[in-house]
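First comes the structure, then the notes that go with it.
What you see below is based on every heavy atom in this structure, not just the backbone, and it leaves out hydrogens, waters and symmetry mates. Starting from 1, each residue takes its place in the sequence as its number.
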Amino acid sequence: MKLTILGGGGFRVPLVYGALLTDHAEGRVTEVVLHDLDDSRLYAVARVLAEQRSTVADAPTVTATTDLDEALRGADFVFSAIRVGGLEGRANDERVALAEGVLGQETVGAGGIAYGLRTVPVAVDIARRVARLAPDAWVINFTNPAGLVTEAMSRHLGDRVIGICDSPVGLGRRIARVLGANPREAFIDYVGLNHLGWVRGLRVAGRDELPRLLADSDLLGSFEEGKLFGVDWLRSLGAIPNEYLHYYYFNRETVRAYQQAEKTRGAFLRDQQARFYEEMRRPDAAALTAWDRTRAEREATYMAENRETAGAGERDADDLSGGYEKVALALMRAIARDERTTLILNVRNQGALSVLDTDAVIEVPCLVDANGAHPVAVAPLPDHATGLVCAVKGVEREVLAAAESGSRSSAVKAFALHPLVDSVNVARRLVEGYTAVHPGLAYLG
């Protein structure tokens, strides 16, 4: 079985390949094709993968190419993990937004809109090529903003594109852990959009254990979200929000912390990864060791400004292992082998969440089998969450309209309507600022 990874020179690709090395069952991936526009990054990642497979018998073969059509042709699965504009683009997204006093995070607020505006046209081109060159392939989208990009691709691939994110999985795992439950035996009642969702229940053997967590102050304050949001706020919500909702619930404090930080997250990652890729130019460098060291630092500093604002301290060691590659592998196994499972995924609504239309991509539990991912019908959200979900989905639709038409006014509208951008004038200046620093936004008239 052939797996093509777009963005194959990306830093997190070894996580995916490492997960593949643990799979020895019939029908596994036997061929991995890495595609990237930067051949030096492909070379660096290929070196890491070579060390990973050096002690594994029958490891999937690895080839690398800068030819997109060649990479896609004949693929059974396509992982899309591209970053249009690179980490320099992410750093610019953050800088332009913070100069206007608004959030520049890569998936939330102004930064997420800017990233989406330059990513959607590229993702749509990929979707069209997949439909032509590998019409039977399943596309698993890692590319952020994951929900928005998945919805853009679904207009050309239908339900054969599925978006994944490890945030809901990590959240469910943490809740199960503090409750003493096995995460694999728990059903997580999670609903929302990508990076905008809430756990409303965690059922084990048919019993909802979340009320027990909310009633116990010690348990509730003992894990990442309890530290980040505070016990009182979680009880007020009656749910456990995705960590990215910290940007909404504590926006002013977070923006201030980002403005005062020595470096933005994007600038930190840009400089950190530049050192890694530069080190990989040395023939004598221990590739896997260098990658492990860089990854550990990356994970430990994740959302550092938010945790500092909340006084949450350092991340727990159990939360440093990532997990999106495990979700991707479980999804791929379920489809390829009909190993039926339930996963939280980004898929077309299909009526699961009544407040949104059928084609809106949402993030909910899905039953997965050989025919793809099928969203589970979920109960309505409370009014405050419904308002936020509908507002952000409206913004996403304006981003899609701007990307399709090249309309500058639609781009301004997307920024202006976002809950974390509070001024039409700020929205106009953001569009001016982003088009000045991103050549990829030249299409906005």
Side-chain angles (χ1 to χ4, degrees), residues 107-109 112 145-148 150-151 154 162-176 186-203 207-215 220 224-226 228-251 342-367 373-400 414 417-420:
T107 61
V108 177
L148 170 64
T150 301
E151 186 163 331
S154 73
I162 300 168
I164 69 166
C165 179
D166 58 354
S167 288
V169 176
L171 173 55
R173 184 178 63 230
R174 287 189 287 276
I175 295 173
F187 177 82
I188 304 166
D189 178 9
Y190 181 96
V191 60
L193 307 179
N194 181 237
H195 290 178
L196 190 78
W198 298 261
V199 170
R200 303 179 300 180
L202 188 135
R203 294 198 293 275
R207 177 184 174 88
D208 185 4
E209 298 290 343
L210 191 63
R212 178 163 68 91
L213 176 63
L214 292 170
L220 194 54
E224 178 79 0
E225 283 70 21
L228 196 60
F229 293 99
V231 169
D232 291 341
W233 182 239
L234 295 185
R235 284 195 177 130
S236 295
L237 293 173
I240 312 297
N242 185 298
E243 59 197 346
Y244 282 82
L245 275 154
H246 194 268
Y247 293 116
Y248 291 87
Y249 295 146
F250 298 91
N251 180 55
T342 301
L343 299 169
I344 298 171
L345 301 166
N346 287 268
V347 296
R348 293 199 293 183
N349 184 18
Q350 307 290 3
L353 184 59
S354 60
V355 73
L356 295 177
D357 63 77
T358 298
D359 293 331
V361 166
I362 59 174
E363 192 168 72
V364 292
C366 297
L367 302 176
H374 317 284
V376 175
V378 293
L381 286 161
D383 288 346
H384 68 87
T386 294
L388 196 51
V389 164
C390 289
V392 173
K393 179 54 69 175
V395 169
E396 290 183 353
R397 291 287 170 76
E398 293 297 333
V399 172
L400 293 174
L417 292 179
H418 198 283
L420 301 184

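Listed here is the closest heavy atom pair of Gly226 and Leu234: CA-CD1, 3.8 Å. For the residue pair Ala186 and Leu202, the shortest heavy atom distance occurs at CB-CD2, 3.8 Å. When all heavy atoms of Ala414 and Val399 are compared, the closest pair comes out as CB-CG2, 3.9 Å. Scanning both residues, Val347 and Ala373, for their nearest heavy atoms gives CG1-CB, 3.9 Å. When all heavy atoms of Leu210 and Gly201 are compared, the closest pair comes out as CD2-N, 3.6 Å.
Every side chain to side chain donor-acceptor pair (under 3.5 Å) that Arg235 has, sequence neighbours left out, goes to Ser217. Not counting sequence neighbours, the partners of Thr342 by the side chain to side chain contact (heavy atoms under 4.5 Å, CB included) test are Phe187, Pro365, Leu367. Pro382 pairs by the side chain to side chain contact (heavy atoms under 4.5 Å, CB included) definition with His384, Ala385, not counting sequence neighbours. Applying the side chain to side chain donor-acceptor pair (under 3.5 Å) criterion to Asn251, with sequence neighbours excluded, gives no partner residue.
Annotation: side chain of Leu343 is not in contact with side chain of Cys366 (no heavy-atom distance under 4.5 Å). Between Pro419 and Leu388, the closest side-chain pair of non-hydrogen atoms falls below 4.5 Å.
Relative orientation of the His418 and Tyr248 rings is parallel, given thresholds of 30° and 60° on the angle between their planes. Using cut-offs of 30° and 60° for the angle between ring planes, the His246 and Phe250 rings count as parallel.
Taking CG of Leu193 as the reference point, atom OH of Tyr244 lies at 14.5 Å (rounded to 0.5 Å). Summarising the geometry, atom CG belonging to Leu353 is positioned 5.5 Å from atom CG belonging to Leu381; distances are rounded to the nearest 0.5 Å. In this structure, CD1 on Ile164 lies 9.5 Å from OG1 on Thr150, to the nearest 0.5 angstrom. If you take OG on Ser167 and CD1 on Ile344, they are separated by 10.5 Å, rounding to the nearest 0.5 Å. Rounding to the nearest 0.5 Å gives a distance of 10.0 Å between CG of Leu196 and OG1 of Thr107. Rounded to the nearest 0.5 Å, atoms CG (Leu220) and CD1 (Ile240) are 5.5 Å apart.
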Tell me which donor-acceptor pairs under 3.5 Å the side chains of residues 355-364 have, and how far apart each pair is, sequence neighbours excluded?
{"unit_1": "Asp357", "atom_1": "OD1", "unit_2": "Asp359", "atom_2": "N", "d": "3.0"}
{"unit_1": "Asp357", "atom_1": "OD1", "unit_2": "Ala360", "atom_2": "N", "d": "3.1"}
{"unit_1": "Asp357", "atom_1": "OD1", "unit_2": "Arg397", "atom_2": "NH2", "d": "3.2"}
{"unit_1": "Asp357", "atom_1": "OD2", "unit_2": "Arg397", "atom_2": "NH1", "d": "2.8"}
{"unit_1": "Asp357", "atom_1": "OD2", "unit_2": "Arg397", "atom_2": "NH2", "d": "3.2"}
{"unit_1": "Glu363", "atom_1": "OE1", "unit_2": "Tyr190", "atom_2": "OH", "d": "3.2"}
{"unit_1": "Glu363", "atom_1": "OE2", "unit_2": "Asn194", "atom_2": "ND2", "d": "3.0"}
{"unit_1": "Glu363", "atom_1": "OE2", "unit_2": "Asn346", "atom_2": "ND2", "d": "2.8"}

ask   = Should Ile175 and Val199 be marked as a side-chain contact (heavy atoms from CB on, under 4.5 Å) after you check the CA-CA gap, both sets of side-chain angles, and the distance that decides it?
value = CA-CA 9 Å; Ile175 295 173; Val199 170; 3.8 Å; yes
request  = Dump the intermediate steps for side-chain contact (heavy atoms from CB on, under 4.5 Å) on Asn242 and Trp198, then the final yes or no.
outcome  = CA-CA 6 Å; Asn242 185 298; Trp198 298 261; over 6 Å; no
ask   = Going through the distances and angles, do Glu151 and Lys393 end up as a salt bridge (Lys or Arg N to Asp or Glu O under 4.0 Å)?
value = CA-CA 11 Å; Glu151 186 163 331; Lys393 179 54 69 175; 2.7 Å; yes
ask   = Between Leu171 and Glu243, is a side-chain contact (heavy atoms from CB on, under 4.5 Å) present by the stated rule, with each step listed?
value = CA-CA 8 Å; Leu171 173 55; Glu243 59 197 346; over 6 Å; no
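Residue pairs meeting the salt bridge (charged side-chain N to carboxylate O under 4.0 Å, His left out) criterion with at least one partner in residues 379-390, sequence neighbours excluded, do not occur; the list is empty.
Here Arg174 pairs with Glu225 in a salt bridge; the nearest charged N to carboxylate O distance falls below 4.0 Å. Taking the charged nitrogens against the carboxylate oxygens, Asp208 and Arg203 have no contact shorter than 4.0 Å, which rules out a salt bridge.
No side-chain donor-acceptor contact under 3.5 Å links Asp166 to the backbone of Val169.
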